[in-house]
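Below is one structure; the comments refer to it alone.
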Amino acid sequence: MKMKARIFTCLICLLLISTSVRPAEKTAVLPILEIVKAVTKKVIKAIDLRIQKLQNKTIWLQNAQKKVENVLSKLKLDEISDWTKKQKELYKGYYEELAKVKSLITYYQRIKEITKKQTSLVQEYERAWNLFKQDSNFKEIEIEYMERVYSGILEESVKSIDQIFLILDSFSTQMSDLKRLEIINKAADEIDSNFDDLNLFNQQNIMLSLQRAKTQADVNQVKQFYGIP
């Protein structure tokens, strides 16, 4: 909600600024962008590595279970009572460990989905930002306003990724599944909110550019520039 209010305020500022023309090219780069990219890449790499290890462990546990099951199936009834108690405990241990591993994989897959959304956010930001910087319908000072809003959105997204690191660390602590799930859902909601804020701001900027087009030919040119049907 705070970010949406901030976006609305900045859009009002853009509308209040005079419409003098600015240079068509600008090479501003948000410092926060490289931080977001680096952190997101680090999370994805860590998750992929952990998922791979867990998948390998799953295969090992499943093979171990099958071996125990095969031995049990070959025993005679009178042998089972003497032998199976120990093996049942072993089998139970395999089963419980396998369930735990599968649960962890589910968590990691969920986290990976969140980081993919973060990657999409960065890509959409870069696409839109590169276009707005070239749009002669916006002045230099307006681009600076946009830069502040984009920086705010990206900074908020980094906070969400920080929560992801907290979750990754939680697997080596005694954090409950309920608390872990709570953090995951919160991070997912925050990333979704940041993505929605970004798309809303982009759409509003495009509409502002269209409103400033003086002729139908200019309107068509703006639409073509932003890929609007």
Side-chain angles (χ1 to χ4, degrees), residues 1-11 28-58 96-132 145-205:
M1 188 63 69
K2 290 182 180 179
M3 181 57 68
K4 287 184 173 61
R6 184 179 178 184
I7 289 174
F8 180 75
T9 300
C10 287
L11 258 295
V29 176
L30 299 186
I32 188 66
L33 178 61
E34 293 306 315
I35 296 176
V36 175
K37 284 184 174 181
V39 171
T40 304
K41 184 178 180 179
K42 185 176 180 180
V43 172
I44 293 176
K45 184 176 181 180
I47 292 172
D48 284 340
L49 182 61
R50 294 189 186 195
I51 288 177
Q52 182 61 50
K53 288 181 177 179
L54 288 171
Q55 287 174 335
N56 291 339
K57 190 172 184 179
T58 298
E96 291 176 348
E97 184 67 16
L98 183 59
K100 181 180 178 181
V101 168
K102 288 183 176 180
S103 176
L104 288 175
I105 290 177
T106 300
Y107 279 126
Y108 284 135
Q109 294 288 8
R110 176 78 170 112
I111 294 170
K112 191 172 182 178
E113 290 174 5
I114 297 173
T115 53
K116 283 183 177 180
K117 189 66 172 285
Q118 170 75 5
T119 300
S120 297
L121 183 151
V122 171
Q123 291 172 342
E124 179 58 24
Y125 150 73
E126 288 188 298
R127 184 194 69 80
W129 181 228
N130 287 331
L131 290 174
F132 292 139
Y145 269 110
M146 292 182 192
E147 184 175 357
R148 291 193 189 99
V149 176
Y150 283 130
S151 292
I153 294 174
L154 291 173
E155 286 169 4
E156 288 299 316
S157 73
V158 169
K159 293 178 183 177
S160 301
I161 294 299
D162 284 341
Q163 291 296 304
I164 297 300
F165 276 116
L166 178 61
I167 298 167
L168 293 177
D169 292 339
S170 76
F171 292 112
S172 59
T173 66
Q174 296 301 315
M175 181 179 290
S176 67
D177 286 345
L178 182 62
K179 181 62 177 178
R180 188 177 291 120
L181 186 60
E182 179 184 330
I183 296 175
I184 290 175
N185 288 336
K186 181 181 179 183
D189 290 342
E190 289 174 349
I191 290 293
D192 286 341
S193 179
N194 292 331
F195 196 77
D196 291 342
D197 289 340
L198 180 75
N199 284 329
L200 175 62
F201 188 58
N202 289 344
Q203 291 167 10
Q204 290 173 332
N205 286 333

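Everything numeric here is computed off the predicted structure, so don't read it as measured data.
The side-chain contact (heavy atoms from CB on, under 4.5 Å) test with Phe201 is passed by exactly one of Asp197, Asn199, Leu198, Asn205: Asn205.
The main-chain N or O of Asp189 is never found under 3.5 Å from a side-chain atom of Ser193 such that the two would form a donor-acceptor pair.
Here the closest heavy-atom approach between residue Ile114 and residue Ile184 is recorded as CD1-O, 3.5 Å. Summarising the geometry of Tyr150 relative to Ala128, their closest heavy-atom pair is OH-CB, 4.0 Å, with the distance given to 0.1 Å. Shown here for Ala187 and Ser160, the closest heavy-atom pair between the two residues is CB-O, 4.0 Å.
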task = Under the side-chain contact (heavy atoms from CB on, under 4.5 Å) rule, what do Leu154 and Asn194 come out as? Steps first, then yes or no, please.
result = CA-CA 8 Å; Leu154 291 173; Asn194 292 331; over 6 Å; no
task = Give the intermediate values and the outcome of side-chain contact (heavy atoms from CB on, under 4.5 Å) for residues Gln118 and Phe195.
result = CA-CA 8 Å; Gln118 170 75 5; Phe195 196 77; over 6 Å; no
side-chain contact (heavy atoms from CB on, under 4.5 Å) between Ile153 and Val149, worked out = CA-CA 6 Å; Ile153 294 174; Val149 176; 4.1 Å; yes
task = Give the intermediate values and the outcome of salt bridge (charged side-chain N to carboxylate O under 4.0 Å, His left out) for residues Lys116 and Glu113.
result = CA-CA 5 Å; Lys116 283 183 177 180; Glu113 290 174 5; over 6 Å; no
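In this structure, Leu181 and Arg110 have side chains that are not in contact, with every pair of non-hydrogen atoms separated by 4.5 Å or more. In this structure, Phe132 and Asn202 have side chains that are in contact, with non-hydrogen atoms separated by less than 4.5 Å.
Comment: Glu156 engages Lys159 in a salt bridge, judged by a side-chain N to carboxylate O separation of less than 4.0 angstrom.
Of the inter-residue distances, the one linking Tyr125 atom OH with Ser157 atom OG reads 11.0 Å to the nearest 0.5 angstrom.
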